[in-house]
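In what follows, a single structure is set out as structure tokens and then discussed.
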Amino acid sequence: MQIGTHILKNKLIVAPMAGVTDRPFRQLCKTMGAGMAVSEMVSSNSLLWGSKKTQRRADHEGEVSPISVQIAGADPQMLAAAARYNVDNGAQIIDINMGCPAKKICNVMAGSALLQDEQLVGKILDAVVKAVDIPVTLKIRTGWDKQHKNALSIAHIAENSGIQALAIHGRTRACAYTGTAEYDTIAAVKAAIKIPVIANGDITTPEKARHILAYTNADAIMIGRAAQGRPWIFREINHYLATGQHLQAPEVSEIHHVLINHLRDLYEFYGEYSGVRIARKHISWYTKGLVGSASFRQSMNQLQTSDQQIYETNKFFSTLAEKGQRLSYIKEGE
């Protein structure tokens, strides 16, 4: 898998997720087998560039290459300026968001709302590609709604504009994250254009990953929600694609260590107050489905300091280790 001059170590990419794919999470996923991770989106509004949130999102210190930064907006020149701003701050690939279904993004005609205006899409892509001398990629959905699926048309516009890779989530904007993703549209786009195509949506297991790669003929797959609390999914998929065999479940002691290090990175990156609050969702994701985790997750939301979170997490995983060497999840209905 190649994007411009960047050759990725494999076909697995971390999807950009607002409030999730911060630098600590991107680094962790890369360490655990992802070939690339795309940042949460940075606004094209220059008035926000001085904000702490935007500065954190543009912080790539120590991050493994290639560094891909997603930008969002609806004005071609503002997006071009945003691309230049992020290149100046270390971005090696610029990704344009035309896939986000969130109302607050679509209401300002950004994200997947742009799919309604193909002429504007072309202007935006032309402006951003011309603004920077690094590869520009694009993330879209299959269309605005099921009656208006225009991914194929957008794909041709993207290829003609000089976009270096196209990621497609197998849902329309109207579907948001409901129902199931479809891959026929992704397969049709892949067959119609020459630039790399990345398949996204509902890829939750190694088997599904292999199936989607074969079904769509995509060059890579993008994984989002399935990596929340389970960043080792990338090494599991890599192993399965290479061997057809499943890795054993990770040892409790390893994931205990991974989570504690992740928490410490969050505290350092965001500071104590915000770090503790952001850590809560990650702790919940890591422990969901593990024996005794329901009461642990509930009590975790009451804790106010990083020391308390670390103490209780250590206690929970020590108890878990007494029950078995490897992670074991409770099956639904048990």
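Taking the side chain as every heavy atom from C-beta outward, Ser328 and Val291 never approach each other to under 4.5 Å. Side chains of Pro135 and His6 form a contact here, defined as non-hydrogen atoms less than 4.5 Å apart. Under the 4.5 Å side-chain criterion, counting only non-hydrogen atoms from C-beta, Leu263 is in contact with Thr313. In this structure the side chain of Met1 never reaches within 4.5 angstrom of the side chain of Ile7, judged on heavy atoms. Two residues are said to be in side-chain contact when any heavy atoms from C-beta on lie closer than 4.5 Å; Leu120 and Pro76 meet this criterion. Counting heavy atoms from C-beta on, the side chains of Pro24 and His262 come closer than 4.5 Å. Between Ile154 and Leu115, some side-chain heavy-atom pair lies under the 4.5 Å cut-off. A 4.5 Å side-chain heavy-atom check between Leu12 and Met222 finds every atom pair outside the cut-off.
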- [ ] Could you go through the side-chain hydrogen bond (donor to acceptor under 3.5 Å, both in side chains) check for Tyr286 and Gln228 one step at a time?
- [x] CA-CA 7 Å; Tyr286 272 88; Gln228 292 175 353; over 6 Å; no
TODO: Evaluate the criterion side-chain hydrogen bond (donor to acceptor under 3.5 Å, both in side chains) for residue pair Ser306 and Glu272; output intermediate values, then yes/no.
DONE: CA-CA 7 Å; Ser306 57; Glu272 173 83 6; 2.7 Å; yes
Open item on the list: Let's go through Ser68 and Asp95 carefully: what are the C-alpha distance in whole Å and the side-chain angles of both, what is the deciding distance for side-chain hydrogen bond (donor to acceptor under 3.5 Å, both in side chains) to 0.1 Å, and is it a yes or a no?
Closed with: CA-CA 7 Å; Ser68 176; Asp95 185 60; 5.5 Å; no
Task: From CA spacing to verdict: side-chain hydrogen bond (donor to acceptor under 3.5 Å, both in side chains), Gln302, Arg280 - done: CA-CA 10 Å; Gln302 313 306 317; Arg280 287 173 184 162; over 6 Å; no
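Side-chain atoms of Asn97 do not come within 3.5 Å of backbone N or O of Ile71 as any donor-acceptor pair. Although no hydrogens or angles enter the test, the distance criterion places no donor-acceptor pair under 3.5 Å between the side chain of Asn150 and the main chain of Ser153. In this structure a side-chain-to-backbone donor-acceptor pair under 3.5 Å is present from Gln308 to Thr305. Side chain of Ser161 to main chain of Ile163: no donor-acceptor pair is present (N/O by atom type, distance under 3.5 Å, no hydrogens or angles). Checked by atom type and distance alone, the side chain of Asn86 never pairs as donor or acceptor with a backbone atom of Ile94 at under 3.5 Å.
Open room surrounds NZ on Lys130; 12 or fewer heavy atoms of other groups in view lie less than 6.0 Å from it. Other residues, nucleotides and ligands contribute at most 12 non-hydrogen atoms within 6.0 Å of the NZ atom of Lys288. Other residues, nucleotides and ligands place more than 12 heavy atoms under 6.0 Å from the NZ atom of Lys9. In Asp133, the CG atom is not crowded: 12 or fewer heavy atoms of neighbouring residues, nucleotides or ligands sit closer than 6.0 Å. Around atom CZ of Arg264, no more than 12 heavy atoms belonging to other residues, nucleotides or ligands sit under 6.0 Å away. Within 6.0 Å of the NE2 atom in His246, the count of heavy atoms belonging to other residues, nucleotides or ligands exceeds 12. The local environment of NE2 in His211 is crowded, with over 12 non-hydrogen atoms from other residues, nucleotides or ligands closer than 6.0 Å.
A salt bridge links Glu254 to Arg235: one of the charged nitrogens lies within less than 4.0 Å of a carboxylate oxygen. Using a 4.0 Å cut-off between charged side-chain N and carboxylate O, Arg26 and Glu63 make a salt bridge. Residues Arg171 and Asp202 are paired through a salt bridge, judged by an N-O separation under 4.0 Å between the basic side chain and the carboxylate. A salt bridge does not link Glu207 to Arg210: none of the charged side-chain nitrogens sits closer than 4.0 Å to a carboxylate oxygen. Using a 4.0 Å cut-off between a side-chain N of Lys or Arg and a carboxylate O of Asp or Glu, Glu182 and Lys149 qualify as a salt bridge.
Of the options Gln325, Glu236, Arg326, a side-chain contact (heavy atoms from CB on, under 4.5 Å) to Gln248 is made by Arg326 and by none of the others. Leu166 pairs in a side-chain contact (heavy atoms from CB on, under 4.5 Å) with only one of the listed residues (Asp219, Ile198, Ile186, Ile140), which is Ile140.
Here Tyr215 and Tyr183 keep their ring centres 6.0 angstrom or further from each other.
For the pair Arg23 and Phe25, the cation-pi criterion (under 6.0 Å, within 45° of the ring axis) is not fulfilled.
There is no side-chain donor-acceptor pair under 3.5 Å between Lys11 and Asn238. No side-chain donor from either of Ser39 and Gln70 sits under 3.5 Å from a side-chain acceptor of the other. Counting only N and O atoms by type, the side chains of Asn160 and His156 include no donor and acceptor under 3.5 Å apart. Side chain to side chain, Ser299 and Glu312 fail the donor-acceptor criterion of an N or O pair below 3.5 Å.
Of all heavy-atom pairs between Leu138 and Ala158, the closest is CD2-CB, 3.9 Å.
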